[in-house]
Protein chains: 2
Amino acid sequence: MTFEEAQSYFSFKETVTCLEELDTPIPVIDLEIVLQNLISVQRYFDNLGIAFRPHVKTHKMVPFAKIQLHLGACGITVQKLGEAEIMAEAGIGDILIAYNIIGQRKLTRLINLARQTKLTLVADNEFCISQLNTVAASKNLNLDLLIECDTGFKRNGLANPEQVLQLAQTIFSSSNLRFKGLMTYPPSGARKEVSALLSNLRMVLEGNGIPVESVSSGGTRDLFLKEGLEGITEYRAGTYIFNDRMILEKGSCQLRNCAARVLTTVVSKPTKDRIILDAGSKALTSDLNGLIGYGIDPSSQAKVRKLNEEHGQMEVIGEPSPNVGDLVEILPNHICPVINLYDYIALKSGNKILGLVKVDARGCVS
Amino acid sequence: MTFEEAQSYFSFKETVTCLEELDTPIPVIDLEIVLQNLISVQRYFDNLGIAFRPHVKTHKMVPFAKIQLHLGACGITVQKLGEAEIMAEAGIGDILIAYNIIGQRKLTRLINLARQTKLTLVADNEFCISQLNTVAASKNLNLDLLIECDTGFKRNGLANPEQVLQLAQTIFSSSNLRFKGLMTYPPSGARKEVSALLSNLRMVLEGNGIPVESVSSGGTRDLFLKEGLEGITEYRAGTYIFNDRMILEKGSCQLRNCAARVLTTVVSKPTKDRIILDAGSKALTSDLNGLIGYGIDPSSQAKVRKLNEEHGQMEVIGEPSPNVGDLVEILPNHICPVINLYDYIALKSGNKILGLVKVDARGCVS
């Protein structure tokens, strides 16, 4: 895919030509870097023979999802129904909702969605499965299901083989559910152990007559670690499209792979060692993720030391330091929740701003 | 104002009658508690003879702003131009923008706004003042201005009396600016010192022939401390409308004054001591504000111990503990950035849900 082809996916709310014409704070995303990230990761999984299913929770934008599919993604991953609804409405036809769907109102939405697009669902408990089967049966639909396994991240998911087998048997014997396989969000740095755990679960299930079609793992931080991918049929990653300070400091990408900055303006310089940016927690989030500061200016290494809602306090490093009115580009700690704060982001190519693009699924948390 | 009068300010996107009909996560706000908070604080300042100018950054909703004005507020405070634009469009006629306006694009927006409504602006530097005067002169407008003073919070603002005097003289001699007085966001727990600092600054200015019409201070945490309010002509507060865990644990309100919860659903219970809520950092924010955990269920005292973007990990306390499918209401650490994450909140009265209300100025960070 050429840059021009990628650009043709976007319709701009407003055409802007340079950074100085933008209102701050706003995320600015380099489409050339994005395209390199998307192509290289898709090729990597193509070469490994593993289906790649990007997670759109990071970008939340239909054009990026369509580019990912054009490049060879097998479908997309979402975390919430609202994201799936936006993407299905835009014509995206193969969606994994990697999250237990719970509650009557959500089940109604789910059924409407299942009539519109190919869905795969996830569950880690009997309550969820029972509700899914009841609603599917009442609407005469069949739903595909993966079991979420905890492979050490200790969030959702089952770890015990007997529990996984029991849940798989429940799904297998449910009238309107189809058991498809296993899903996990693995802890970083444990690829081999995770692979061994998943292989063991697969053996237990297949030994009990339950075929495992899909084994889905994910995460950007360990994406390029080739070890421990045996047995994985599908990989999910979200952050890789933009990367962020967390991925950079983990050593899982280079600065040249970081496509997104939050453009800010220096609004005050009350003392020699303190600059105030117009980006606070409502613009950068308070995510620390083990890092020092709430974001960094990669050109000077200066950090955002403290945040209030609309103020970012930045340390002053070196000379000449920024003055009131200057623009400062911040590499955020964690890009996913940042994009979710904005209705529009600015798309750029090198030094040229192309325009403002809508964040289609912003705020879709339910 | 009666509850019925307050309710009449709202138009509901959707009428819902009980919690179980809501999609989670969503903030649920008790209008009766809100009304008590609004009335008691307005009366408090009325009795003190201090003008009260509530900060709408917390609620970002036109109906709440109109109720605040109906009850006697002298106007509203906003932090960003985007908030002011929404409020002015809705007919609100006296707005303090408590933030340096920097940059050509913002100045254009500001001039449009100044033609529409009565504005007071704030500045703490020459660059800001010079740009404001230039644009005001070119459009034949006059702008009212306060100087932001740092009284110990160490964010924006000037602390040195000579610097404040110099800036006031610059404003005083600017063709299209009117010097109105001083503004500060004080540190908590230093009311007397702040009052002394502001009185001294006022004396310096008036001793140099510059009248100080307004002295504006603020903050919810010290709101009910009567000491050190001498010389304050105007008070700004935002969080007091809802209160939150931070205000509660500081001892500045009671639980019965906390009007907002984030309604969540238990989506998984993978182990006996771990419940997963469908509210993560995109629903509760990562604001800690010195507290342990990212929110609390006041009914059980259980805390949200860990957040991912769409998952909240909650400790299990006591029996019976919540099961998958149960609703859990979380008192968030810091309500202001939470409301900013949602397009709609649910309004309730006791156990009755009244309906969904739009967050008018959500995402207005520029």
Side-chain angles (χ1 to χ4, degrees), chain A residues 20-26 57 79-80 99-100 102-106 109 124-125 127-128 131 148 150 154-159 265-271 274 276 278-283 285-288 306 308-311 313 323-325 334 336-337 340-343 362-363 365-366, chain B residues 20-26 57 79-80 99-100 102-106 109 124-125 127-128 131 148 150 154-159 265-271 274 276 278-283 285-288 306 308-311 313 323-325 334 336-337 340-343 362-363 365-366:
Chain A
E20 289 70 20
E21 290 177 19
L22 292 169
D23 250 331
T24 63
I26 187 170
K57 75 183 172 75
Q79 207 76 342
K80 293 293 181 101
Y99 205 85
N100 294 333
I102 305 284
Q104 284 310 317
R105 188 146 174 165
K106 284 204 172 59
R109 290 167 61 193
D124 75 351
N125 63 76
F127 181 91
C128 181
Q131 287 215 323
E148 181 159 1
D150 177 12
K154 298 194 181 301
R155 189 171 67 185
N156 275 31
L158 300 176
T265 301
V266 180
V267 291
S268 180
K269 196 173 181 176
T271 62
R274 189 181 353 130
I276 309 294
D278 63 354
S281 62
K282 285 176 179 169
T285 81
S286 305
D287 271 21
L288 279 168
K306 201 174 162 190
N308 300 108
E309 285 161 60
E310 312 284 9
H311 299 80
Q313 295 192 23
N323 287 311
V324 175
H334 186 194
C336 309
N340 182 53
L341 293 169
Y342 295 87
D343 291 324
R362 185 214 53 74
V365 293
S366 80
Chain B
E20 290 70 19
E21 289 177 19
L22 292 169
D23 250 331
T24 63
I26 187 170
K57 74 184 174 72
Q79 207 75 342
K80 293 292 182 100
Y99 204 84
N100 295 331
I102 304 284
Q104 285 309 317
R105 190 149 172 163
K106 285 203 172 60
R109 291 168 61 195
D124 75 350
N125 63 76
F127 181 91
C128 182
Q131 287 213 325
E148 181 160 1
D150 176 12
K154 297 193 181 302
R155 188 171 68 183
N156 275 32
L158 300 176
T265 302
V266 180
V267 292
S268 180
K269 196 173 180 176
T271 62
R274 190 181 351 132
I276 310 293
D278 62 355
S281 63
K282 285 176 180 169
T285 81
S286 305
D287 271 21
L288 280 168
K306 203 175 158 188
N308 299 110
E309 287 163 61
E310 310 283 10
H311 299 80
Q313 294 192 24
N323 287 311
V324 176
H334 186 194
C336 310
N340 183 53
L341 292 169
Y342 295 87
D343 291 325
R362 184 215 54 75
V365 292
S366 80

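Naming convention: chains lettered A, B, ... in sequence-line order (proteins, then strands); numbering from 1 in each chain.
Your options are A:H334, A:R105, A:H311, and the one with the most heavy-atom pairs under 4.5 Å with chain B is A:H311. Comparing B:L158, B:N308, B:L22 by how many heavy-atom pairs each has under 4.5 Å with chain A, the most go to B:N308. With chain A as partner, the option from B:Q131, B:K154, B:Q104, B:E20 having the largest number of non-hydrogen pairs under 4.5 angstrom is B:K154. Options B:P25, B:A159, B:C128 differ in how many heavy-atom pairs under 4.5 Å they form with chain A, and the most are formed by B:P25. Of the listed residues (A:Q79, A:R274, A:Q313), the greatest number of heavy-atom pairs within a distance under 4.5 Å of chain B belongs to A:R274. Note: B:N100 leads B:V266, B:N100, B:I26 in heavy-atom pairs under 4.5 Å with chain A. Residue with the most contacts toward chain A among B:G363, B:G280, B:G325: B:G325 (heavy-atom pairs, distance under 4.5 Å).
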Passes side chain to side chain contact (heavy atoms under 4.5 Å, CB included), A:K106 versus B:D278? Steps please.
-> CA-CA 12 Å; A:K106 284 204 172 59; B:D278 62 355; 4.1 Å; yes
Between B:D343 and A:R362, does a side chain to side chain contact (heavy atoms under 4.5 Å, CB included) hold up when you go through it step by step?
-> CA-CA 10 Å; B:D343 291 325; A:R362 185 214 53 74; 2.6 Å; yes
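For the pair A:K306 and B:R155, the minimum side-chain heavy-atom distance is 4.5 Å or more. Using a 4.5 Å heavy-atom cutoff, the side chains of B:I102 and A:V324 are in contact. By the 4.5 Å heavy-atom criterion applied to side chains, A:S281 and B:T285 are not counted as neighbours.
Considering OG of A:S268 and OH of B:Y99, their distance stands at 9.0 Å, rounded to 0.5 Å. With rounding to the nearest 0.5 angstrom, the OG atom of A:S366 is 13.0 Å from the NZ atom of B:K282. Between the CG atom in A:D23 and the CZ atom in B:R109 there is a gap of 4.5 Å [rounded to 0.5 Å].
Residue A:N125 touches chain B through its side chain alone, counting heavy-atom pairs closer than 4.5 Å. Contacts between B:D124 and chain A at a heavy-atom distance below 4.5 Å involve the side chain alone, from C-beta outward. Within the 4.5 angstrom heavy-atom criterion, only side-chain atoms of A:N340, from C-beta onward, approach chain B. Only the side chain of A:D150 comes within contact range of chain B, judged by heavy atoms closer than 4.5 Å.
Using a cutoff of 4.0 Å between basic side-chain nitrogens and carboxylate oxygens, A:E310 and B:K80 are scored as salt-bridged.
Shortest non-hydrogen contact noted between A:P270 and B:G157 is CB-O, 3.5 Å.
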